[in-house]
There are 2 protein chains.
Amino acid sequence: MPTVSSEELATAAGVNSAKLRKDFSYLGSYGTRGVGYDVEYLVYQISRELGLTQDWPVVIVGIGNLGAALANYGGFASRGFRVAALIDADPAMAGKPVAGLPVRHTDELEAIISDNGVSIGVIATPAGAAQQVCDRLVAAGVTSILNFAPTVLSVPEGVDVRKVDLSIELQILAFHEQRKAGEDSPSPAAPAAAARSGAGVRSSASRKGPDGDVPAVMPA
Amino acid sequence: MPTVSSEELATAAGVNSAKLRKDFSYLGSYGTRGVGYDVEYLVYQISRELGLTQDWPVVIVGIGNLGAALANYGGFASRGFRVAALIDADPAMAGKPVAGLPVRHTDELEAIISDNGVSIGVIATPAGAAQQVCDRLVAAGVTSILNFAPTVLSVPEGVDVRKVDLSIELQILAFHEQRKAGEDSPSPAAPAAAARSGAGVRSSASRKGPDGDVPAVMPA
DNA sequence: ATGCCTTTGTGAACGCGTGCACAAAGATGG
DNA sequence: CCATCTTTGTGCACGCGTTCACAAAGGCAT
């Protein structure tokens, strides 16, 4: 029976072994003292807890470059996700195959959602269409939305939204890059907080703020 | 002079106003008591600290769907990033314009990096090519890498790597979705830790682990 | 069966970030 | 010029997650 010790896993993952054991204990995963964890059983337990053993039908709305990239992304299937449909507003796209699936028109959105029991939707549309698509997804029964459009979505209570901003990661890199270069720190105490923040990815909506939205770089 | 109070900003962002003030104090940003923060000055200070006022030339390697999507992403320019070049290994792609830029062949990688003083590279290649591309980028002088390929990259000390796994966000949504549905909790105490973890995005390499890499869902 | 060795599971301490609460500072009006 | 009001900046305390350290437990060899 192949096993792993918490120490091995911790070293490989670069974390503390005690933390790892404590986390596992929350899962109810039981290892064997003096031996370690049964790899197969452990993988199964974690997979189940994370929902990897379930089948999650998802729809991708907006089949531009990004939508197509997502549709082709291999990582989904192995994690329990199944692309139920690709949806685009452009009639010219309808029927055209992308990643082996025919693109469906937005008109069919509601029917697709309900027919497949989809509860997770991915929005890869331009910013302008995102909120509208979001509203339709929610109305059709979707309760979790992954948003790639550069907009903050407003959703009713009970709906989860996660926003992926492709430029944020790049910005974090640039932030560190900046500190590497200028050792003559431009500001006193390094705001480690700034890099961490993220200010809560959860949608806190409240569209009112003093100025419209995220301010562009000021012209100095 | 347009100003904002920490309270206004905090409400808009959905965070505590004291925390916001404390964070600002690390930046050395001084507000005016009884009035608030000068919007213009504040924006400038934050932009500068975050590196938004600098010009960051970046190269994108691997111009498939994802690479093209990144090249077309509008959010980069406004955050100080400038796409210096798009690079692909396919000779057929060479010269073909994507997002207004001609695709360059991989052979030119080193020259492009040094000519433009590029210190940040984006990898959007298939998993198989990622490490190789990474090595060449690092050798050419790149010190920060944003990796979209589903592989853990090994890099020498001093090089920052951030990995973006497009399916992780989806997985987090599925995790919460699972708890929404099954109120009859399948496991005792909810491991809030599991959803948070991320286990440190920093590259901790150490390619040795008991089994190859991330285990696929076990066949139950 | 007994003793030793390994590794788990967890109680307790530590450290850190968040939030509270208030004194100091500046504006504003009389 | 003084009183009052608003809002900043921050010391302090609370709470939570991480880490330490160790007793308990199981395997294994003799």
Side-chain angles (χ1 to χ4, degrees), chain A residues 1-46 49 172 175 187-202 204 206 209-211, chain B residues 1-46 49 172 175 187-202 204 208-211:
Chain A
M1 181 178 87
T3 60
V4 265
S5 67
S6 61
E7 189 55 43
E8 286 177 279
L9 286 173
T11 306
V15 298
N16 184 285
S17 67
K19 180 188 178 192
L20 201 143
R21 285 199 297 278
K22 187 159 285 187
D23 281 2
F24 282 179
S25 74
Y26 290 137
L27 295 175
S29 299
Y30 291 149
T32 307
R33 302 185 183 213
V35 178
Y37 297 88
D38 171 27
V39 173
E40 194 179 355
Y41 182 67
L42 185 62
V43 168
Y44 170 69
Q45 284 299 333
I46 295 177
E49 187 66 29
I172 293 173
F175 178 77
S187 60
R196 207 177 323 100
S197 78
V201 186
R202 281 274 152 55
S204 64
S206 86
D211 36 11
Chain B
M1 181 179 87
T3 61
V4 264
S5 68
S6 61
E7 189 56 42
E8 286 177 280
L9 286 173
T11 305
V15 298
N16 185 285
S17 66
K19 182 189 178 191
L20 198 145
R21 285 198 298 278
K22 189 161 287 188
D23 281 0
F24 281 179
S25 75
Y26 290 135
L27 294 175
S29 299
Y30 291 150
T32 307
R33 304 188 181 210
V35 177
Y37 297 87
D38 173 27
V39 174
E40 194 179 355
Y41 182 67
L42 184 61
V43 168
Y44 170 69
Q45 285 297 334
I46 295 177
E49 186 66 28
I172 294 173
F175 178 77
S187 63
R196 204 179 324 99
S197 78
V201 186
R202 280 273 152 54
S204 64
K208 48 137 270 192
D211 36 12

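All chains are named by letter (A, B, ...) in the order of the sequence lines, taking the proteins before the strands, and each is independently numbered beginning at 1.
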**Report entry** B:Tyr44 versus B:Glu40, side-chain donor and acceptor atoms under 3.5 Å
**Finding:** no
Report task. Could you tell me the separation between the OG atom of B:Ser6 and the CZ atom of B:Phe24, rounded to the nearest 0.5 Å? Result -> 8.5 Å
Requested in this report: Return the minimal non-hydrogen interatomic distance between A:Glu49 and A:Leu27, and the atom names on each side.
Outcome: CG-CD2, 3.2 Å
Report task. Under 4.0 Å between any heavy atoms, over every strand shown, what does A:Phe24 touch: base, sugar-phosphate, or nothing? Just pick one. Result -> nothing
Query raised in the report: Considering all heavy atoms of both residues, which atom of A:Val4 and which atom of A:Val39 are nearest to each other, and what is their separation?
Result: CG2-CG2, 3.7 Å
**Report entry** Minimum-distance nucleotide to A:Tyr37 side chain [options: D:dT10, C:dG9, C:dT18]
**Finding:** C:dG9
Requested in this report: Would you tell me if any nitrogen or oxygen in the side chain of A:Lys19 comes within less than 4.0 Å of OP1 or OP2 on D:dT19?
Outcome: no
Query raised in the report: For B:Ser6, which contact category applies under a 4.0 Å heavy-atom criterion: base, sugar-phosphate, or nothing?
Result: sugar-phosphate
Requested in this report: Output the single nucleotide from C:dG19, D:dT7, C:dG9 whose closest atom is nearest the side chain of B:Ser5.
Outcome: D:dT7
Query raised in the report: Is the closest side-chain heavy-atom distance between B:Ile46 and B:Leu42 below 4.5 Å?
Result: yes
Heteroatom pairs (N/O) under 3.5 angstrom, protein to nucleotides 20-24 of chain D:
{"unit_1": "D:dC20", "atom_1": "OP2", "unit_2": "A:Asn16", "atom_2": "ND2", "d": "3.0"}
{"unit_1": "D:dA21", "atom_1": "N6", "unit_2": "A:Arg21", "atom_2": "NH2", "d": "3.3"}
{"unit_1": "D:dA24", "atom_1": "N3", "unit_2": "A:Arg33", "atom_2": "NH1", "d": "2.8"}

Query raised in the report: If you check the B:Thr32 side chain, which of C:dA27, D:dT8, C:dT7 turns out closest?
Result: C:dA27
